[in-house]
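In what follows, a structure is listed as structure tokens, so that the remarks can point back to it.
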2 protein chains.
Amino acid sequence: MSGPEVIPMPEEVPAGRTGKGEQTRALILETALELFRERGYEDTTMRAIAERAGVALGSTYYYFRSKEALIQSFYGRTHQEHLAAVGGVLADERTFRARLLGVMRAKLETIEPYHRFSGILFKTAADPESPLNPFSQESRPVREEATELFAEVVRGSEGLRVPPDLMAELPGLLWTWHMGIVLFWIHDRSPGRARTWRLMERTVELVARLVQLAGNPLLAPLRKLTLRLVRELRDDEAAPAGEADESGEVGGTRT
Amino acid sequence: MSGPEVIPMPEEVPAGRTGKGEQTRALILETALELFRERGYEDTTMRAIAERAGVALGSTYYYFRSKEALIQSFYGRTHQEHLAAVGGVLADERTFRARLLGVMRAKLETIEPYHRFSGILFKTAADPESPLNPFSQESRPVREEATELFAEVVRGSEGLRVPPDLMAELPGLLWTWHMGIVLFWIHDRSPGRARTWRLMERTVELVARLVQLAGNPLLAPLRKLTLRLVRELRDDEAAPAGEADESGEVGGTRT
DNA sequence: GTCTATAACCGGATAGAC
DNA sequence: GTCTATCCGGTTATAGAC
């Protein structure tokens, strides 16, 4: 199993496979998403997907390891879509605030059509065992890719003055913040997701100001303290301290 | 986590019921928790629970609406345990920092034995549809109860100087912060949950300092901005503006 | 070797007799 | 309030078709 959001199209087209299989695969996925949209995830049975797609139940399992895997696949799309949507902003905008805002707007717009699944999505994504979980080992590639996006936001920001220690951590911090926004979005029932938009726009402002203030001597102790914590947490994530789970995967037999 | 922890003991003892049913109910719950601890949630079947408890499968469903409901029940316990564990700290400690630290220590200690379930716990708790979800309507009572605990932390803190606008929001903000710690804990695989403890202790320090600094004029604009956001979000949570979820269009059309 | 189809299996949930 | 008999749907095994 590769990462959750999966790389562009790695194993989906293992070799020069012409087509029939690919088409069937796509057909099943489309049908599934269609049904998910129509009646939600729980009320869509694998049998129903197979039936409407005009294939046998077994076939759906040939192409997708599980029902959950169908979700993973569509997950990958939104990531690609987001990257695509963000290009213009990063090319045009030159201030940190505007770049950050643009990226997050694109994010919310990209994921909006899928709000209906978001429950089940996050349900599995929140499971520490699940490869979908954004903090999981399997997610590392995507996480890094996403963090890289924020790094790009920072890099292209003209006139941004940030202490080097903060600068080093900023992309990761922004990614974390952005996950918080998404978490809020998932639970947001307001029309048009108005609350999330407000939260996002206002916190962009706050983040921008905070970053500006970060150099102020008054805040230096606080900044140092915070960054030390951030580094520590990041570091012993990399080096798991205990050797107990060399399994390298879903360990967790220790109490 | 205090959110989901459901109501103290509402329907579990509907009246002064002494009898047989109560015992059976308790027996099933105990057996279930035992099995969950032994082999985890997923690998424990309802049939196995029934069998070891010496009752019929149907009986378990007589007492518990679902497998998930078994979790809800035990959830309630940790909340009670936390409240019990916290009494001493609140009585003894007089500084904000020490009180907050004590409460959070008790929290982590209380929930630790259940870390093994935490995945599944959070999985359901993260589902916006689930009543277990800490942000849900159903969770409001517990949420408020838990927030009240933080209000008590603040109230009993001697020499704490906080601007009134912040003071009003502080308990809610602390609750939110505490949920973040719990979220981290759920995903924490480090031995002894070392990373969570570090995060908790360090952020207690940060929070304490931040609260101290909040009165500083330099930070006033930031504080105002933040609190306005917090109030807005809280307010239109209370008055959901629209009543339907799927009603509106995407909010992100404003440019 | 790539794909499809059928027939189970397993476990959560429900119905209804006693 | 407790049981047995089912249902239902995700998942798997497997036989074969292309």
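Labels below follow one simple rule: chain letters A, B, ... track the order of the sequence lines, proteins then strands, and each chain is numbered from 1.
The side chain to side chain contact (heavy atoms under 4.5 Å, CB included) test applied to A/Ala146 returns A/Trp175, not counting sequence neighbours. With sequence neighbours left out, the side chain to side chain contact (heavy atoms under 4.5 Å, CB included) criterion links B/Tyr114 to B/Phe74, B/Thr78, B/Glu81, B/Phe117. Judged as a side chain to side chain contact (heavy atoms under 4.5 Å, CB included), and not counting sequence neighbours, the contacts of B/Val89 are B/Glu93. With sequence neighbours excluded, the residues forming a salt bridge (Lys or Arg N to Asp or Glu O under 4.0 Å) with A/Glu232 are A/Arg228, B/Arg198, B/Arg202, listed by chain and number. A search for side chain to side chain contact (heavy atoms under 4.5 Å, CB included) contacts involving B/Ala151 returns B/Glu148, B/Arg155, B/Pro171, not counting sequence neighbours. The side chain to side chain donor-acceptor pair (under 3.5 Å) test applied to A/Thr60 returns no partner, not counting sequence neighbours. Evaluation of the ring-ring contact (aromatic ring centres under 6.0 Å, His included) rule for B/Trp177 yields no partner, not counting sequence neighbours.
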Tabulated below should be each protein N or O lying under 3.5 Å from an N or O of nucleotides 16-18 of chain D; please produce it.
none

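For the pair B/Glu22 CD and D/dT2 C1', the computed distance is 16 Å after rounding to whole Å. Going from atom CD of A/Glu68 over to atom C1' of D/dG10 covers 12 Å, rounded to whole Å.
Among B/Met200, B/His115, B/Arg193, the one residue that satisfies the side-chain contact (heavy atoms from CB on, under 4.5 Å) test with B/Leu108 is B/Met200.
For the pair B/Arg25 and B/Phe64, the distance from NZ or CZ to the six-membered ring centre is under 6.0 Å and the angle to the ring normal is within 45 degrees.
Closest contact between the side chain of B/Tyr62 and the listed nucleotides D/dT11, C/dG12, D/dT2 involves D/dT2.
The overall bend of the helix from C/dG1-D/dC18 to C/dC18-D/dG1, read as the angle between its terminal helix axes built from five base pairs each, is 10° when rounded to 10 degrees.
Non-hydrogen atoms lying under 4.0 Å from DNA chain D are contributed by B/Val55, B/Ala56, B/Gly58, B/Ser59, all within residues 50-60 of chain B. Across residues 38-47 of chain B, B/Thr44, B/Thr45, B/Met46, B/Arg47 each have a non-hydrogen atom less than 4.0 Å from an atom of DNA chain C (numbered order).
Residue pairs satisfying the side-chain hydrogen bond (donor to acceptor under 3.5 Å, both in side chains) criterion with at least one member in residues 36-50 of chain B, sequence neighbours excluded, are listed as follows: B/Glu38-B/Arg52.
With contacts defined as side-chain heavy-atom distances shorter than 4.5 Å, the pair B/Phe184/A/Leu233 qualifies.
At distances below 3.5 Å, not a single donor-acceptor pair connects side-chain atoms of A/Ser59 with backbone N or O atoms of A/Val55.
OP1 and OP2 of D/dT2 both lie 4.0 Å or more from every side-chain N or O belonging to B/Tyr61.
Taking the six-membered ring where tryptophan is involved, the planes of A/Phe150 and A/His178 are tilted, since the angle between them lies from 30° to 60°.
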